[in-house]
Amino acid sequence: MRNFRRIGVLTSGGDAPGMNAAVRAVTRYALAGGVEVFGVYEGYKGLMEGNMRLFNERDVSNIISRGGTVLYSARSDEFRTEEGLQKAIKTCRDNNIDGIVAIGGDGTFRGATDLTARGLPCIGIPGTIDNDITATEYTIGCDTAMNTTLEMVDRLRDTCESHARCNVVEVMGRNAGYIPLHAGLAVGASAILIPEIRFDEDEVIEKLMVSKEYGKRNFIILISEGLGNYGEGLSRRIEERTGIETRFARLAHVVRGGSPTLRDREIASEMGVEAVKLLLAGKSNRVVCMRNNKIVDINIAYALTLDRMYKGKLKPEELEPYSEKEIKEMRDYCAKKRAEMERFYKINLDICK
Ligand code: F6P
């Protein structure tokens with residue numbers, strides 16, 4: 001087992017509420033185990049440039065309740081090149097950093113895998129509001145983003161009711177519809193439109209007309225940003241065909257900020273501790289995941305392949321390293337995940353009137 005003296009912690013990709021709780025947990029747990037911690041600023045960019053400093057316990061005080069990331073975040077094209085990776089490796093070598101905990105999304109994990117392949121042990125923690133990392137049931141930040149969506153949409157409903165209007169609301173999540181799906185059910189949306197589930201716009205509009213005839217005054221439609229620039233056109237068509245005055249709102253980055261919820265703080269803390277435990281146990285190239293509500297760890301390469309399979313981006317040769325049994329497991333897992341989304345979608349369909 002490698003003797004860890006110093007580790008680095010960084011946040012990369014889009015920020016997410018709860019990232020600070022993970023940074024705090026990583027720092028405090030490592031320090032308690034006699035391991036020094038470098039807080040690396042601006043993700044892999046900072047690692048390449050050596051933009052970091054040693055943290056003590058007090059450096060992570062009072063950050064658990066703060067949104068965003070105190071380590072800042074950046075997306076770096078240079079880090080994707082061999083030269084960029086070597087710069088990051090050099091920073092770690094020069095500063096005696098024995099391992100990295102990288103908090104972020106799939107791009108962050110690709111970076112972690114690349115560093116591991118060059119001899120630097122890395123552990124990933126899933127942090128993104130999108131909850132779009134297939135290997136884990138949960139990503140840090142998603143709960144806060146969903147709750148912020150609830151709050152915003154509840155407000156919109158108040159004014160829709162006063163004016164007998166419809167509001168089409170676009171929510172972030174990149175190509176994933178997790179936030180609109182779950183927040184949509186919780187706000188009582190008349191319709192939820194996401195890329196993962198085929199829908200018929202005519203049927204959606206028909207349903208609004210029926211509800212209007214029954215005396216409904218307010219209508220909320222939650223849509224995913226993954227549908228492209230769909231919301232404004234949809235709003236126009238709803239108004240033209242139903243006569244219901246319709247407004248369009250894009251919540252955008254609003255749902256990415258704010259103080260993290262209890263769930264995000266708690267899971268981030270648990271995942272942060274687990275990441276350090278894994279590094280100290282000599283493991284690397286693992287991502288901390290939630291499966292069946294338990295914290296587990298999964299090989300990052302496996303997690304990325306599973307992700308590409310779920311998103312329909314997999315090239316057949318990418319399955320070559322895996323056994324028949326593993327491939328079947330991956331397929332079953334993806335099918336289960338899809339079925340779960342459909343089940344949820346159906347609940348809303350059955351009860352939105
Ligand atoms: O991945 C998080 C996320 O907020 C997505 O939901 C969204 O598509 C994207 O990042 C926006 O990226 P940016 O912050 O670069 O505008």
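Each ligand, and each atom within it, is numbered from 1 in the order the structure gives.
Geometrically, ligand 1 and Gly173 share a nitrogen or oxygen pair separated by less than 3.5 Å.
Every atom of ligand 1 with a heavy atom of His253 under 4.0 Å away is listed here by number and element: 13 (P), 14 (O), 16 (O). The atoms of ligand 1 that sit less than 4.0 Å from any heavy atom of Arg75 are 10 (O), 12 (O), 13 (P), 14 (O), 15 (O).
Within the 4.5 Å cutoff, the side chain of Val168 has heavy atoms near those of the Thr246 side chain. For the pair Lys216/Ser190, a side-chain contact is recorded, criterion being any heavy-atom separation below 4.5 Å from C-beta on. In this structure the side chain of Leu208 reaches within 4.5 angstrom of the side chain of Ile221, judged on heavy atoms.
Closest to atom 7 (C) of ligand 1, if we only count protein heavy atoms, is Glu225 OE2, 3.1 Å. Protein heavy atom nearest atom 9 (C) of ligand 1, with residue, atom name and distance: Arg174 NH2, 3.6 Å. Nearest protein heavy-atom neighbour of atom 10 (O) of ligand 1: Arg256 NH1, 3.1 Å. Looking only at protein heavy atoms, the nearest one to atom 2 (C) of ligand 1 is Asp130 OD2, 3.3 Å.
We find that Arg343 and Glu340 are joined by a salt bridge, their nearest charged nitrogen and carboxylate oxygen being less than 4.0 Å apart. A salt bridge is absent between Arg286 and Glu274: the closest approach of a Lys/Arg side-chain nitrogen to an acidic carboxylate oxygen does not fall below 4.0 angstrom.
Classified by interplanar angle (parallel below 30°, tilted 30° to 60°, perpendicular above 60°), the ring pair Tyr41/Phe55 is perpendicular.
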